[in-house]
Amino acid sequence: MSGSKSAWDVHNLPDNSERTFLVTGGNAGIGYFISEQLAATGARVLIASRSADKARLAIEAIHSRLPQARVDHVPLDLSVSGSVAGIADRLGALSGIDAVVLNAGVLAQPQYSITEDGNELVFGTNHLGNFALMERLLPLLVASPGSRVVTMGSVAARFTKLDLTDLQSSREPYRPMRTYARSKLAQTVFALELDRRLRAADSHIRSVIAHPGGALDGLTPSRPPLRTRGRAEHLKALPKAVMAQSKENAAWPAVRAALDPRIDGGELWGPRVLRGFGKPVREKVPAEWLDRDVAAELWQQSQRLTGAAWKELDQAAI
Ligand SMILES: NC(=O)c1ccc[n+]([C@@H]2O[C@H](COP(=O)([O-])OP(=O)(O)OC[C@H]3O[C@@H](n4cnc5c(N)ncnc54)[C@H](OP(=O)(O)O)[C@@H]3O)[C@@H](O)[C@H]2O)c1
């Protein structure tokens, strides 16, 4: 079931001036371009990121192209439980969010390291941080009819399995890419389980997965003052354009997943060509990702590790 609900033009997005989106990691890379493209629709965009300075540069870059853009920064460090717990307070009087794009993430780390909460850094940031964050943001999604969560997955998740006896990669040897891939798979399994639980609670909120394909800074256009691509960097990356793309184009699946009303919860969207580059299309969700026992066990362990109770999900009609 791979296809493309047609008539979606990545260069001509519908007006969203009445809507509000929160993009984690909107200060850099793919998240910057997701923020820029959403802001271009007239939407209000909240860049949730840990560095105020980087967020300021991203906002300046967006304003230099879109002077009317409505973009603000919300401090968030996904690896620090206190920062995640305080997000709702920092969002102040916001009455609702139409979509949260869970883009932020750490890539493979050279060595095993832990967060200040004692979790393995990659799993702790990419999965546990997002698990706890979504519990906190749920009321703002409940308040916006037709809202959705977009989780940024990865092709890497297809080539691994979760080890439910060692989610935090504590056993030797530490393998950076395996730990990263498992963290993306955990995010994906969580996103699918969240969609099932939302439906079971009669919620209007939907949870969707997007992945960017392969995205390289060297193929990505400059966005001063945030980032300027060097000529040597560009030339070095050019041969890889046969299987990867710019971070600008890599933003397309997540942007479509956030905006296209025809996309339903539980769907997976990614680039058309070899899952590496091109316009966004729907992909078949691998059967292993839909294992409900694995999802239930991951949910339970994530609750224990984060303390996120998800009480609202137990109430009917959220
Ligand atoms: N690039 C690819 O080919 C590729 C492929 C598959 C999936 N992905 C996924 O796409 C997403 C974006 O990737 P990218 O290539 O754009 O990476 P990137 O350029 O390294 O950007 C990562 C973003 O995540 C933020 N981040 C990292 N740790 C954080 C934390 N603890 N709290 C809050 N924000 C944090 C970073 O903020 P700082 O600037 O503060 O570090 C940055 O904004 C990730 O989820 C990644 O797994 C990427």
Side-chain angles (χ1 to χ4, degrees), residues 22-36 46-59 61 73-84 86-87 90 100-109 113-117 119-130 132-133 150-160 176-177 179-188 190-191 209-220 223 226-227 229 237 240-241 243-255 257 268-271 274-277:
L22 184 142
V23 182
T24 68
N27 64 287
I30 301 165
Y32 166 80
F33 287 96
I34 295 171
S35 304
E36 182 188 287
L46 302 169
I47 289 179
S49 72
R50 55 187 170 176
S51 158
D53 285 343
K54 288 189 192 173
R56 181 178 48 76
L57 293 176
I59 292 170
H73 173 230
V74 184
L76 173 72
D77 189 333
L78 280 172
S79 67
V80 179
S81 59
S83 171
V84 173
I87 184 96
R90 294 195 296 282
V100 174
V101 183
L102 299 175
N103 159 80
V106 277
L107 307 183
Q109 301 295 299
S113 44
I114 57 170
T115 66
E116 60 184 60
D117 298 311
N119 296 307
E120 187 281 323
L121 179 69
V122 180
F123 179 74
T125 305
N126 295 359
H127 172 62
L128 295 178
N130 283 312
L133 178 69
V150 179
T151 293
M152 188 64 96
S154 170
V155 170
R158 290 179 177 270
F159 304 107
T160 193
M177 263 318 288
T179 294
Y180 169 72
R182 286 180 172 175
S183 78
K184 299 308 287 182
L185 178 56
Q187 283 190 260
T188 304
F190 163 56
I209 304 158
H211 79 87
L216 299 175
D217 285 320
L219 297 175
T220 302
R223 286 296 188 267
L226 180 64
R227 191 178 171 277
R229 180 180 62 192
K240 297 185 181 143
M243 51 194 220
Q245 59 187 343
S246 70
K247 293 196 173 181
E248 181 177 27
N249 295 8
W252 290 342
V255 169
L268 167 67
W269 285 74
L274 304 170
R275 299 197 182 104
F277 62 97

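Order of appearance sets the numbers: ligands from 1, and atoms from 1 within every ligand.
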(Q) Is any side-chain heavy atom of Thr220 closer than 4.5 Å to one of Leu216? (A) no

Q: Check for a donor-acceptor pair, side chain of Gln245 on one end and backbone N or O of Pro212 on the other, with a separation under 3.5 Å.
A: yes

Q) Do the non-hydrogen side-chain atoms of Val80 and Thr115 ever get within less than 4.5 Å of each other? A) no

(Q) For Ser79, is there any backbone N or O sitting under 3.5 Å from a side-chain donor or acceptor partner on Arg50? (A) no

Q.
Just to be sure I understand the cut-off, which residues have at least one non-hydrogen atom under 4.0 angstrom from an atom of ligand 1?
A. Gly25, Asn27, Ala28, Gly29, Ile30, Arg50, Lys54, Leu76, Asp77, Leu78, Ser79, Asn103, Ala104, Gly105, Val106, Leu107, Thr125, Met152, Gly153, Ser154, Tyr180, Lys184, Pro212, Gly213, Gly214, Ala215, Lys247

(Q) Between Asp217 and Lys247 (salt bridge meaning N to carboxylate O under 4.0 Å), is one present in this structure? (A) yes

**Q.** Worked verdict on Val122 versus Arg182 for side-chain contact (heavy atoms from CB on, under 4.5 Å)
**A.** CA-CA 9 Å; Val122 180; Arg182 286 180 172 175; over 6 Å; no

